[in-house]
Amino acid sequence: MSMLGAARQVPAALLARVPAEQRGPGLGRDAVRLLVSRGTAVSHHAFAELPTLLRAGDLLVVNTSRTLPAAVDGRLGHARVVVHFSTRGEDGRWAVELRDPDGKGTTSARAGGPAGAVVRLPGDVPLVYEERLAEGSGRLWWARVPADVPGLLRRHGRPIRYSYTDRDQPLSAHQTVFALPSPDGAGSAEMPSAGRPFTAALVAELVSRGVQFAPVTLHTGVASQEAHEPPYPELFEVPLPSARLINAAKAGGGRVVAVGTTAVRAVESAAGADGVVRAAAGRTDLLVTPERGVRVVDGLLTGLHEPAASHLLMLEAVAGRAAVDRGYAEAVRRLYLWHEFGDAHLILREDVPHCERC
């Protein structure tokens, strides 16, 4: 078992508390480290070296979902609460999580419900609890809000903040260079953080070296992988041009590398049993596990995840348990930083030909 696998939680010193560009003068978003795992072989790089670690013909699948200012203050009776808006349902309801302010600028868990309970949002807008999102779960509930929720979030919301961060960050710090506005105001409750270290200059360099990009969309909610909660249905789209780019890269011997676990879920949801990706849109609750395997992606560029996160099953599906254990042991030993403002991890399948410097 890896050093991390043997631990119940990541050492506090390894939690990324502020974005990379705030850690020193002259730093950019790409001023993070990049751990590269190919099989059980591990190497260490700066993220800015990524163009030298890929080759012409490789393709990066990126998530264009924008991060929503999904946290809104409210009142439940006389109690102050914070509502995390997660995912809009097909019937117009929203999956929401209720939180207690902890007096430190962050929040702590609170059970949702009961059915019929009313949370008063800014402007005296009522949020009415209706039913649990899933049987046996007390955290996420379906609620109805008789208002334009995306507009309410724009006016009164802020990005969800986690207890390990030092302070609130502006919404711009939670957007990736790939983020695009959605016509209906949809977006992600939590940042598709694997794309955060990319800058416009780095993207331009990758393109100049013959690396292609295929945009997809998956709007992620606040399902807690650390609590072993599987993903619930989330909106995704793989447009036809991206499906064609992915299939062409595979046919030409290029590597398809997903930027983030959300990109993996989107692409694999659009792939048939024959490994061909077709244009698709809708909702997906796909859970990628070693048993299910991957049909399309040859690699994954992601952050570093908690030991109990179900995301680690996806990493094992791509590269195998031994590769993930070795990579995470090295990440702990070399003091890599965790979570959305932390360092990055490039995982390549062992049967894919070596890149130039991996």
For this session: Give the intermediate values and the outcome of salt bridge (Lys or Arg N to Asp or Glu O under 4.0 Å) for residues Glu130 and Arg93.
Result: CA-CA 9 Å; Glu130 293 195 350; Arg93 297 185 299 177; 3.0 Å; yes
Problem set entry | Arg244, CZ: over 12 other non-hydrogen atoms inside 6.0 angstrom | no
Problem set entry | Residues Lys250, Asp298: salt bridge by 4.0 Å N-O rule | yes
For this session: Give a yes or no answer on whether the side chain of Arg265 reaches the backbone of Leu286 with a donor-acceptor pair at less than 3.5 Å.
Result: yes
For this session: Take Asp274 and Arg295 through the test salt bridge (Lys or Arg N to Asp or Glu O under 4.0 Å) and record every step on the way to the result.
Result: CA-CA 8 Å; Asp274 56 1; Arg295 298 169 178 170; over 6 Å; no
For this session: Let me see the working for Thr262 and Asn63 under side chain to side chain donor-acceptor pair (under 3.5 Å), right down to the final yes or no.
Result: CA-CA 7 Å; Thr262 57; Asn63 188 358; 3.0 Å; yes
Exercise. When clusters are formed by joining ILVMFWY residues with side-chain heavy atoms under 4.5 Å apart, either directly or through shared neighbours, do Leu202 and Phe341 land in the same one?
Worked result: no
Exercise. Below 4.5 Å, heavy atoms only, C-beta onward: do Tyr328 and His305 meet side chain to side chain?
Worked result: yes
For this session: Work out which heavy atom in Leu171 is nearest to a heavy atom in Thr67; give both atom names and the distance.
Result: CD1-O, 3.5 Å
Problem set entry | Among Glu49, His45, Arg334, His345, the one residue meeting side chain to side chain contact (heavy atoms under 4.5 Å, CB included) with Arg33 | Arg334
Exercise. Could you walk me through whether His339 and Tyr162 pass the ring pair (Phe, Tyr, Trp, His ring centres under 6.0 Å) check?
Worked result: CA-CA 10 Å; His339 294 309; Tyr162 302 99; 7.7 Å; no
For this session: Could you tell me how the ring of Phe213 sits relative to the ring of Phe198: parallel (under 30°), tilted (30 to 60°) or perpendicular (over 60°)?
Result: perpendicular
Exercise. Testing Arg158, Arg80, Arg120 for side chain to side chain donor-acceptor pair (under 3.5 Å) with Asp73, which one passes?
Worked result: Arg158
Exercise. Arg17 and Gln22: side chain to side chain donor-acceptor pair (under 3.5 Å), yes or no, with the steps?
Worked result: CA-CA 10 Å; Arg17 301 187 182 279; Gln22 296 178 17; over 6 Å; no
Exercise. Going only through I, L, V, M, F, W and Y residues with side-chain contacts under 4.5 Å, is there a path from Leu337 to Val42?
Worked result: no
Exercise. Between Pro233 and Thr87, which heavy-atom pair has the shortest distance, and what is it?
Worked result: O-CG2, 4.1 Å
For this session: Decide salt bridge (Lys or Arg N to Asp or Glu O under 4.0 Å) for Arg196 and Glu21; before the verdict, give the C-alpha distance in whole Å, the side-chain angles of both, and the deciding distance to 0.1 Å.
Result: CA-CA 11 Å; Arg196 192 183 190 281; Glu21 63 271 22; 2.6 Å; yes
Problem set entry | Audit row: Arg110, Glu97, salt bridge (Lys or Arg N to Asp or Glu O under 4.0 Å) steps and yes/no | CA-CA 8 Å; Arg110 177 187 180 121; Glu97 178 188 25; over 6 Å; no
